[in-house]
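Reading through the structure tokens given below for one structure.
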Amino acid sequence: MRANGQERAADTGASIAGRGIKKVFGTGPSAHHALGPIDLDVKPGEFVSLIGPSGCGKSTTMLLVAGLEKTTEGKIEIDGVPLSAPLSEVGIVFQDHLLLEFRTAIRNVMLQQEIRRLDRQELRERADALFEKLGLTGAENRYPWQLSGGMRQRVSIARALVHQPSMLLMDEPFGALDAITRTQIRHDLEMLWLETRKTVLFITHSIEEAVGLSDRVLVMSDGPGKIVDEIHIDLPRPRPAHLGDYPDFAQYAQRVYTTFEKLGIYKFK
Amino acid sequence: MTTAATAVSDTPGRPFKGEWIWSLVFPVLSVIVFLGTWEILIRVLEVPAWLVPKPSDFLSRLSTDFTTIAGHAWVTSKTIAFGFAIGVLIAVPLALAIVSVRSLERGLFPVIIFLNIMPKTVVGPIFVVWFGIGPLASVIIVFLMCFFPVLVDSMSGFRAVDPRLYHITRSMGASQLQTFRYIRIPASMRYIFAGMKIGIVKAIEGVIIAEFIASSAGLGFMIMRASSFMDTTLMFSGLIATASVALVFNGLMVAAERLLMPWARQ
Ligand SMILES: Nc1ncnc2c1ncn2[C@@H]1O[C@H](COP(=O)(O)OP(=O)(O)OP(=O)(O)O)[C@@H](O)[C@H]1O
Ligand SMILES: [Mg+2]
């Protein structure tokens, strides 16, 4: 089931190389320039966050990388192979859990197995392992309406990982959760990532989340978005719940605020 | 972290134990009081049975004329079942086709809207001319009555899936067929059932009117004939029989819903 690229060990991430990516929705007078042009390079196994104002093209970037939208200009290579169809070896998580209400938690995850026609028992074992790591043990046979918001999002993370993709794309995955749940789930995601080292492209509005999770934070400008700053986060892992303990954290956060102020995204008096 | 999963109650929103007894006692009690008052009033005021029959009259008539009434009820039930089944079997696939094919929607929707708002019973006399007095005309009217609610609700059901979910299924490499099977059909079930629940009520309404005008059997026919003989008691018995048929069909719908949508028991 490899649509893109060469053989790779199951537990490493894919690389992303985007050159001059630009996206214009529609044509003629209704055309809307949504993104770029931007260059986007992500190393295998790297955790990269995209942060930027609303409407700057973050979600669009993600869909382009997933091969779910076509670039208007520029090209994207995954593991050195140009994208031409929806990327198969990928897991996607959106802000809404997008679970199927008519399937139990475990069967929502096993949808990957059923649609991709993978080995049932193997996938079930992996799903059980993921449930355990995500604190979902005992919730397997509940329907989504019987789960809390945080648990639903955990199930949707399990669904994105159970087929062992080489890349995880997350679009504000914790945006709808409360602060306490968000901090915990951020840590749980980091632990999962440390174990498997998938390549992660993580979209967020939260500076704390970006700094708390990433190897590198890409700051985007107002739409049509460009990448205006790149911050390497050199903090030890796993990172603590309270990031303020690190003096460096304040500096990283300050840098994002300053960039936003310079771009006129923040207009404080 | 591991305790989070067990913290949520297993059956949220479940009524307190014993509450169902009261939900049974109250309706039964109110029916008894209602019929009792009726009986007493008619006896005291000495109203003749051809004008307003006593509950004891038409209830006992249900047992004395059981075979006749049950026979008509059976005919009516068959008509409902056929008309409804055909309605659902055509409406659901058609809804799927309309939602999937743009041009079909543009071409068919005005017709559907027109047919939907048109009172279906007015075509009864036309059907009598075309198909004669008999079960066919009634089945077609029942079909028309329940077809549209099922069609319209199924259409919203097939549209109800969050388009971003298709991003996920496309990345899974799902085929059209798989998307239907795993996502669209089950996701639309809730809507289809909502349509069918309205549809069955309409079907029962339709079948009686159809039998008034276009039938030589069935409860509607029986009531109409009783009316021409001024047999008011039998008319009331027919009313009870009709209500019972309606109850049975509603019960079947609820049972089917529980069976097919175990996830929706909220
Ligand atoms: N399918 C589409 N058709 C037309 N315009 C679109 C489409 N998708 C997005 N856009 C536009 O492209 C721009 C970027 O959208 P995008 O969703 O990528 O922003 P975003 O950075 O994810 O914003 P937010 O933080 O609010 O989610 C917006 O102006 C949006 O209106
Ligand atoms: Mg977005």
Side-chain angles (χ1 to χ4, degrees), chain A residues 1 3 59 62-63 66-69 85-96 98-105 107 111-117 131-140 142-148 150-151 154 156 159-160 163 165 169 171 181 184-185 187-188 191, chain B residues 1-15 92 153-154 156-196 256-266:
Chain A
M1 275 309 299
S59 300
M62 191 186 97
L63 292 179
L68 294 164
E69 290 277 2
L87 201 56
S88 160
E89 263 202 58
V90 73
I92 306 178
V93 183
F94 287 99
Q95 177 169 351
D96 309 301
L98 297 178
L99 296 177
L100 300 168
E101 58 158 1
F102 46 86
R103 281 179 170 244
T104 56
R107 293 201 62 232
L111 186 71
Q112 292 275 16
Q113 177 264 323
E114 287 175 55
I115 291 189
R116 291 172 189 265
R117 302 207 171 88
F131 266 49
E132 167 137 31
K133 282 169 197 157
L134 286 161
L136 287 168
T137 309
E140 288 88 351
R142 301 231 189 106
Y143 288 103
W145 62 272
Q146 294 171 308
L147 302 173
S148 69
M151 289 162 83
R154 286 166 189 275
S156 125
R159 178 178 63 185
H163 54 297
L169 301 174
D171 192 349
T181 309
Q184 181 63 54
I185 206 169
H187 172 72
D188 295 344
M191 296 310 280
Chain B
M1 261 337 296
T2 44
T3 52
T6 50
V8 175
S9 130
D10 274 316
T11 47
R14 184 186 178 167
V92 175
D153 278 11
S154 304
S156 13
F158 290 125
R159 290 210 184 91
V161 178
D162 189 318
R164 282 170 310 165
L165 191 58
Y166 296 134
H167 287 326
I168 295 181
T169 54
R170 275 175 69 205
S171 81
M172 291 177 181
S175 64
Q176 282 272 21
L177 209 68
Q178 282 181 316
T179 314
F180 276 129
R181 177 174 159 208
Y182 291 109
I183 316 279
R184 296 186 83 168
I185 305 273
S188 61
M189 288 278 273
R190 184 192 281 283
Y191 294 79
I192 295 175
F193 261 102
M196 290 205 301
E257 192 175 11
R258 295 232 162 145
L259 197 72
L260 292 173
M261 306 200 306
W263 68 87
R265 229 181 286 180
Q266 307 191 11

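Each chain gets a letter, A, B and so on, in the order the sequences are listed, and its residues count up from 1.
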Exercise for the section: Quick one: closest heavy-atom pair of B:Ser171 and A:Leu68, and the distance? Expected result: N-CD2, 4.4 Å

Problem - Residue among A:Val93, A:Leu99, A:Leu111, A:Thr104 with most heavy-atom pairs under 4.5 Å to chain B - result: A:Leu111

Problem - Pair listing, salt bridge (charged side-chain N to carboxylate O under 4.0 Å, His left out) test, anchored in residues 158-179 of chain B, at least two apart - result: A:Asp96-B:Arg164, B:Glu105-B:Arg159, B:Asp162-B:Arg164

Handout entry: Spacing of CZ belonging to A:Arg159 relative to CE belonging to B:Met172, to within rounding of 0.5 Å
Key = 5.5 Å

Fill in the blank from the handout: Bottom line for A:Ile92: the part with an atom under 4.5 Å from chain B's heavy atoms is both

Handout entry: Backbone of B:Trp263 reached by a side-chain donor or acceptor of A:Trp145 within 3.5 Å
Key = yes

Completion exercise
Under 4.5 Å to a heavy atom of chain B? For A:Glu114 that would be both

Completion exercise
The residue among B:Met261, B:Met189, B:Arg190 that forms side-chain contact (heavy atoms from CB on, under 4.5 Å) with A:Glu101 is B:Arg190

Problem - A:Tyr143 versus chain B, the contacting section by heavy-atom distance below 4.5 Å - result: side chain

Handout entry: Proximal component of A:Leu169, with respect to chain B [non-hydrogen, under 4.5 Å]
Key = neither

Handout entry: Atom pair CD1 (B:Ile183) and CD1 (A:Ile115), whose distance is rounded to the nearest 0.5 Å
Key = 5.0 Å

Handout entry: Note, B:Ile168 side chain near A:Phe94 side chain (heavy atom, < 4.5 Å)
Key = yes

Problem - B:Ser188: side chain to side chain contact (heavy atoms under 4.5 Å, CB included) partners, not counting sequence neighbours - result: B:Phe158, B:Ile192

